[in-house]
Every structure is written in structure tokens, then in C-alpha cells.
There are 2 protein chains.
Amino acid sequence: MSTWIRHAWIGPVKLTRLSDIRRKELRQAAFTVLEREGIAGATLEKVAAQAGASKGIVLHYFRNKQELFEHAMREANAVLCHAVVARLQRARTPMERLNAVIEGNFEEHLFLPPLCHAWLSLCAEVPRDEKLARIQKVIHARMRSNLMSGLRGLASPEQADEIVLGVTALIDGLWLRLGLQPGSVTREQAVRQVKDFVAGRLALRQAAPVGLASAG
Amino acid sequence: MSTWIRHAWIGPVKLTRLSDIRRKELRQAAFTVLEREGIAGATLEKVAAQAGASKGIVLHYFRNKQELFEHAMREANAVLCHAVVARLQRARTPMERLNAVIEGNFEEHLFLPPLCHAWLSLCAEVPRDEKLARIQKVIHARMRSNLMSGLRGLASPEQADEIVLGVTALIDGLWLRLGLQPGSVTREQAVRQVKDFVAGRLALRQAAPVGLASAG
DNA sequence: TCAACAATTGACCAATGGGACAATAAATCG
DNA sequence: CGATTTATTGTCCCATTGGTCAATTGTTGA
């Protein structure tokens with residue numbers, strides 16, 4: 001976290017203003033600390049140390065601790081988002097778009113326990129932080145939209161809605177599993193699970209909508 | 001949290017020793033505080049206040065803060081567990097057992113945002129608390145075992161394994177959704193999702209195992 | 001009744017954390 | 001170059017927190 005980043009391309013946009021660069025460094029440092037320490041142990045001092053700076057500088061760029069972690073969440077989300085969008089752009093058919101979303105959500109260099117740990121800590125604060133809640137809402141809306149872009153060609157609107165809920169929940173659940181028991185689920189397993197889920201739901205499309213499910 | 005609880009039946013076991021009762025009160029108070037404040041805001045003083053006692057008493061019954069919240073997690077888990085087991089005992093067929101687990105995991109008076117919030121905060125600490133991790137592990141093992149008791153009669157062992165992973169992830173994901181966006185998922189929707197998931201997977205049992213899923 | 005024990009409290013303490021601020025160093029720009 | 005703005009640091013402050021401890025108040029059982 002020294003200065004190598006100063007004149008580098010970070011993400012899709014070149015950061016010119018020094019302040020922007022510093023802010024990004026600090027957001028990332030905050031996230032890294034979150035990975036290690038969780039929300040309870042993530043202090044301004046640790047973030048500063050992680051960024052190789054003083055505590056004062058953190059509060060120079062962010063009004064307070066809350067704001068810092070809100071930006072950390074936005075940052076992390078942007079990365080995730082980018083992984084999906086990149087794949088989505090190469091997709092041609094509806095099914096390809098669907099798979100793009102699924103695979104993008106389990107990208108190899110992102111589907112990692114520490115990332116999940118930090119994410120989990122942020123999610124746990126959502127109920128008490130209006131801003132975090134709004135970010136979460138946006139994330140879900142984008143996810144839904146991405147999935148819909150593929151599902152519209154494959155299922156009825158009502159069915160698509162149902163499938164979207166299932167897919168998003170399943171993805172989140174698999175991430176959670178990675179965080180709670182690293183090693184109990186691989187990227188390939190996760191992708192397979194979600195794809196099979198969709199396949200199963202689409203297969204049941206014309207079948208009796210109750211089927212086995214209502215046997216109990 | 002006064003004294004009405006003193007001579008009451010709490011759960012399946014009557015608590016005789018006063019110390020046991022006090023400990024239970026405090027565990028529950030800790031969980032309640034967790035619901036409101038999250039792990040970062042849950043202090044011993046607040047727990048004490050919630051229980052109508054002094055901070056000293058909390059540390060009289062629990063070695064330290066960590067231990068208190070570990071017990072809070074066990075407590076919450078026991079409640080969840082009880083809901084499932086009760087239904088499981090009334091189930092006769094494999095499918096009934098499966099449905100018992102699914103419905104038990106979304107019991108009406110448990111599938112609530114505050115409960116989820118507290119739970120989420122505890123999960124977020126799992127990576128940094130060996131004891132919490134062990135509790136988590138036990139929970140998952142029991143869940144798997146419960147599901148297996150139904151699935152063994154319905155699918156091959158390998159398939160059952162896969163389905164279990166999917167079902168547990170889906171359940172967790174739906175809970176997470178409840179916590180992050182209360183109101184975006186009802187108990188009925190959740191139950192339906194999981195049941196349909198299982199139905200879809202069982203329907204694909206004999207079909208080509210790849211199917212639509214490998215189109216991308 | 002009295003001694004041993006458990007429960008409970010409140011005071012106390014050292015450590016830490018978030019945040020304010022003044023002082024200093026750098027950079028930018030006319 | 002000189003002045004104004006920006007970056008950065010370290011110090012200071014106050015509130016909070018986890019945890020210890022001695023003292024007090026029941027409870028219980030011989």
C-alpha cells in the first residue's frame with residue numbers, strides 16, 4: 001500500500017486527482033482490515049496502518065468511520081459488478097447471459113473466504129446503517145436486472161421473478177457457506193449448483209407446477 | 001426479563017439451579033442486544049441493562065464477553081433446532097421428513113428480521129472465534145443429517161449430497177435476504193422456493209445430468 | 001442461629017477508540 | 001517566486017469498554 005499505485009490505472013478509470021487516489025487506497029485498506037478484524041475490530045488506526053498513513057489522514061478524507069466503510073462497501077461491490085459486466089458483454093444468447101451472471105458471481109480470484117468475511121461484516125451492519133442498506137438495495141436491483149436480461153428469453157415473467165429470487169438467494173447462500181466453512185464448497189461446485197438450479201426450474205416450466213413439492 | 005421466568009419451564013428442560021436460570025436470562029439478553037446493536041455495538045453494559053442487572057453480574061456468570069456471545073449463539077441455535085426436530089418427529093415418509101426440515105427452518109415465529117440480524121452478526125465473527133466456528137460446524141452437520149434422513153429414500157447418495165449442499169445454501173440465502181431486505185421474501189415464498197428446488201433436482205434425476213445447465 | 005456460600009452491586013482501572021485541532025510540509029498556480 | 005490551497009502528522013481530549021475487586025446482601029443448610 002505504498003506509492004506504486006500513484007500513477008497506475010485502477011479499474012476502468014484513471015485517477016488523476018491525488019485525493020481520489022488516496023481515497024481509493026484508504027477504501028481498500030479499510031476493506032482489508034475488515035477481512036482480518038471484522039467490523040468490531042476494524043479501527044481507524046488499523047486502517048491507517050494498513051494504508052501506511054496516520055489516523056488523521058483517514059478522517060481528512062472521510063467524515064467519519066461510517067462513511068469510510070460505506071465507501072469500502074461500494075468499492076467491493078464495484079469490483080464484483082465489473083466481473084459480471086465483463087462477462088455479460090461477451091454473451092450473445094439469453095442462456096449465455098445467464099451463465100455470464102452466474103460465473104461472474106463466482107469469479108476465481110474473488111470467490112475467496114477473506115473477501116466473504118469482510119462482506120459478511122458489512123452485511124451485518126446493514127440493518128443499522130441507512131447508506132449500507134441503500135447500497136445493498138442497488139446491488140440486488142442490478143443483480144436482478146442482469147439475471148432478467150437472460151431469463152426474459154427463457155421463461156414467463158412470473159416464473160422469471162421466482163427464479164431470480166431463488167438464484168440470488170442461492171448465490172448468497174453459497175458465498176455464506178464459503179465464509180463459514182472455507183473449503184466446503186469450490187467455485188466449480190457453486191457454479192454447478194446454480195446452473196442446475198436454473199435448469200431444474202426451467203425443466204419444470206410446463207410440468208405441473210406443484211409436483212413433488214406439494215406431496216407434504 | 002424480571003423474575004417471572006424463575007419457576008417456569010424453559011424449553012424442554014426445567015431449570016432448577018438459580019445460576020442456570022440467570023445464565024439463560026443473560027444469554028437471551030445478549031441475543032436481544034445483538035438484534036438491536038450488532039456485534040460492534042453489543043456491550044456488556046447494554047446486555048446487563050437488557051437483563052435488568054448490573055454489568056458485574058454478567059461477568060460473574062460468564063468468563064468474558066466472548067464466552068457470553070458463544071452461549072448466545074448456542075441458545076439461538078437450540079431454538080431453531082427444536083423447531084425442526086418437533087416437526088421431524090411427526091413426519092412419517094421421507095418426503096414428509098424433508099418438508100419438516102424445510103418448513104421448520106422457516107417457522108413463522110422465528111423467520112424474523114431481528115433474529116436474522118443477530119444471527120448475521122454472530123456469523124460474521126465466526127472466522128475469528130474458534131468456538132463460534134465449531135458451533136457453526138455442528139449446526140451444519142445436524143442440518144445435513146436431518147436432510148439426509150429424508151433424502152436417502154429419494155435419491156442416490158451422490159445426488160443427495162449435492163442436493164443437501166444446494167438446500168442448505170438456499171435456506172441460508174433466503175434468511176440472508178430476509179435480513180437485508182425485510183419484506184422482500186415471505187415465509188411461504190421461502191418454503192416454496194426450497195421445495196421447488198428439491199422437486200426440480202429430483203425431477204432431473206434420471207434426465208441427462210448436464211441438460212440445459214451446460215449450454216454455456 | 002450461625003457459618004458458609006452464592007448472588008449482586010458499584011467503584012475503580014487501564015486501555016482504546018473516535019474525533020477535533022493546531023502545526024507543519026508539499027504542492028500548485030498566478 | 002510568493003501566496004494560497006492541500007496533504008499529513010502528532011497530540012490532545014473525552015467517552016466508552018472490558019475486566020477486576022472488595023464489600024454487601026441474601027440464601028441455605030447444619
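Side chains are part of it too, since the values below use all heavy atoms of this structure and drop only hydrogens, waters and symmetry mates. Not measured: the values here are computed from a predicted model. All chains are named by letter (A, B, ...) in the order of the sequence lines, taking the proteins before the strands, and each is independently numbered beginning at 1.
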Protein proximity profile, nucleotides 9-15 of chain D - base contact B, sugar-phosphate-only contact S, no contact -, cut-off 4.0 Å on heavy atoms: BB-----
For atom CG of A:N64 and atom C1' of C:dA20, their distance in whole Å: 13 Å
Partner set under salt bridge (Lys or Arg N to Asp or Glu O under 4.0 Å) for A:R87, not counting sequence neighbours: A:E103, A:E107
Separation of atom CG in B:L44 from atom P in D:dT20, rounded to whole Å: 11 Å
With sequence neighbours excluded, residues passing side-chain contact (heavy atoms from CB on, under 4.5 Å) with A:L151: A:L98, A:A160, A:I163, A:V164
Sidechain N-carboxylate O distance under 4.0 Å for B:E162, B:R201: yes
Separation of atom CD in A:E67 from atom C1' in C:dG19, rounded to whole Å: 14 Å
Distance, rounded to the nearest Å, where A:E45 contributes CD and C:dA15 contributes P: 15 Å
Distance in angstrom units between A:I21 CD1 and C:dA27 C1', rounded: 14 Å
For atom CZ of A:F62 and atom P of D:dA7, their distance in whole Å: 12 Å
Test: B:R128 and A:E37 ion pair at under 4.0 Å: no
NZ/NE/NH1/NH2 to OD/OE distance under 4.0 Å, B:R92 and B:E96: no
Sugar-phosphate, base or nothing in reach of B:L59, heavy atoms under 4.0 Å: base
Of the listed nucleotides D:dG19, D:dT8, C:dT8, the one nearest the side chain of A:Y61: D:dT8
Nearest-Å distance for atom pair CG/C1', residues B:D20 and C:dA7: 14 Å
Test item: side-chain donor near acceptor, B:R97 and B:N146, under 3.5 Å: no
Of the listed nucleotides D:dT17, C:dG19, D:dG18, the one nearest the side chain of B:K65: D:dG18
